[in-house]
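Here is the structure we will look at.
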Amino acid sequence: MNKTIYYEQKGVAMTCRSFKEYQDMFMLDEHLLKTGKVLDVASGASSFISELNKNGYKGIAVDPLYHLSVDEMVQFGEKEMLIANEKLETIKDSLAWDYYRNLTQHKEIRNQSFQQFIESYTLERGKTYISAALPNLPFADDSFSLILCNHFLFLYQNQFDLEFHKQALKEMIRVLKKGGTMRIYPLVGFKNELYPHLDTLLKEIKTNNIHFELHNTNFRFLPNATHFLQINK
Ligand SMILES: C[S@@+](CC[C@H](N)C(=O)[O-])C[C@H]1O[C@@H](n2cnc3c(N)ncnc32)[C@H](O)[C@@H]1O
């Protein structure tokens, strides 16, 4: 579907997707989660890492907003959810409703995920939740078996240039273990348009040890967000 969507986004929003949403967007299976340490880059107020750790796996979340106190995070997150809900209402007829039943259900999932995130952030801020921003990650080379980046990189394609994307990918590849997997979703911007520089970007960061694949995901919301990028090191 090539329909253009008019979703106005100034600056980077903070969202709070759940473990289940991550699992479905990235087609995650147990085998992938249990291979070693997981890093969620641009994790925002997502409960993915909290739920992952509760399930016995090992994960770290990174986001520049993790300098916020718990109270500041609660206030900011609640405001962000209200803004997003209002904007989604205006474009709901352009979205694919194969996954969520309706906006009410979407909102309930996000509210629940946000509560779970806040509980975990209260206990683990500065430990599981590390404040950092791409293109610089405060981790040693070859640290993580699985790296995810959900709704940041290519979604904000109009706010960050090719050079930023190049440095960001190189940095995530640096901290990815040999034999590890990285997945990035979605590959479209807010107008439902595919990131136009993907081929150029991948050619520029290609080395003998890196392999790229595009995978279909069963998750549907932005109609053209049908694939994630997988990088194997
Ligand atoms: C739309 S949210 C996505 C949150 C979460 N991944 C999810 O899917 O619900 C985008 C996040 O990117 C973070 N962000 C902004 N600039 C960043 C940067 N340079 N490096 C890493 N994360 C960044 C924002 O703070 C925000 O929390």
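Since we're looking at a predicted model, the values are computed, not measured. Atoms within a ligand are numbered from 1 in the order they appear, just like the ligands themselves.
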Going by distance only, is there an N or O of Ser46 that falls short of 3.5 Å from an N or O of ligand 1? no
Checking heavy atoms under 4.0 Å, the part of Cys149 that sits near ligand 1 is neither
Can you report which non-hydrogen protein atom sits closest to atom 8 (O) of ligand 1, along with the distance? Arg17 NH1, 2.8 Å
Who gets closest to atom 13 (C) of ligand 1 by heavy atom: Ile49, Leu68, Asp63? Asp63
Which segment of Ala13 sits under 4.0 Å of ligand 1 when only heavy atoms are counted: backbone
For Lys206, does the NZ atom sit with more than 12 other heavy atoms under 6.0 Å from it, leaving out its own atoms? yes
Would you say Thr15 and ligand 1 have an N/O pair spaced under 3.5 Å apart? yes
Will you find, in the side chains of Glu51 and Asn53, an N or O donor that is under 3.5 Å from an N or O acceptor? no
Which of these, Phe48, Phe160, Phe152, has its nearest heavy atom closest to atom 18 (C) of ligand 1? Phe152
N/O separation below 3.5 Å, Ala42 to ligand 1: yes
Counting from 1 in the order shown, the ligand 1 atoms closer than 4.0 Å to a non-hydrogen atom of Cys16 are 9 (O)
What atoms of ligand 1 come closer than 4.0 angstrom to any heavy atom of His151? 1 (C), 2 (S), 3 (C), 10 (C)
Is it the case that the side chains of Ser120 and Tyr129 hold a donor-acceptor pair, with the cut-off being a distance below 3.5 Å and no angle test? yes
Does a donor on one side chain sit under 3.5 Å from an acceptor on the other, for His165 and Tyr195? yes
Output the list of atoms in ligand 1 that are nearer than 4.0 Å to some heavy atom of Ser43, sorted by atom number. 4 (C), 5 (C), 6 (N)
Pick one: which of Lys178, Arg174, Lys177 meets side chain to side chain donor-acceptor pair (under 3.5 Å) with Asp141? Arg174
Looking only at the side chains, is there a donor atom on one of Tyr22 and Asp40 sitting less than 3.5 Å from an acceptor on the other? yes
For the residue pair Ser18 and Glu21, confirm or rule out a side-chain donor-acceptor distance under 3.5 Å. yes
Relative to each other, are the rings of Phe152 and Phe164 parallel, tilted or perpendicular (30° and 60° limits)? perpendicular
Within 4.0 Å of some non-hydrogen atom of Leu65, the atoms of ligand 1 are 25 (O)
Side chains of Gln167 and Glu163 only: does a donor on one sit below 3.5 Å from an acceptor on the other? yes
Around atom 23 (C) of ligand 1, find the nearest protein heavy atom and jot down its residue, atom name and distance. Pro64 CD, 3.4 Å
Will you find, in the side chains of Thr181 and Arg183, an N or O donor that is under 3.5 Å from an N or O acceptor? no
Give the contacting part of Val12 toward ligand 1: side chain, backbone, both or neither, where contact means a heavy-atom distance below 4.0 Å. side chain
Among all protein non-hydrogen atoms, which one is nearest to atom 19 (N) of ligand 1, and what is the separation to 0.1 Å? Leu134 O, 3.0 Å
Any N or O on Tyr156 sitting closer than 3.5 Å to an N or O of ligand 1? no
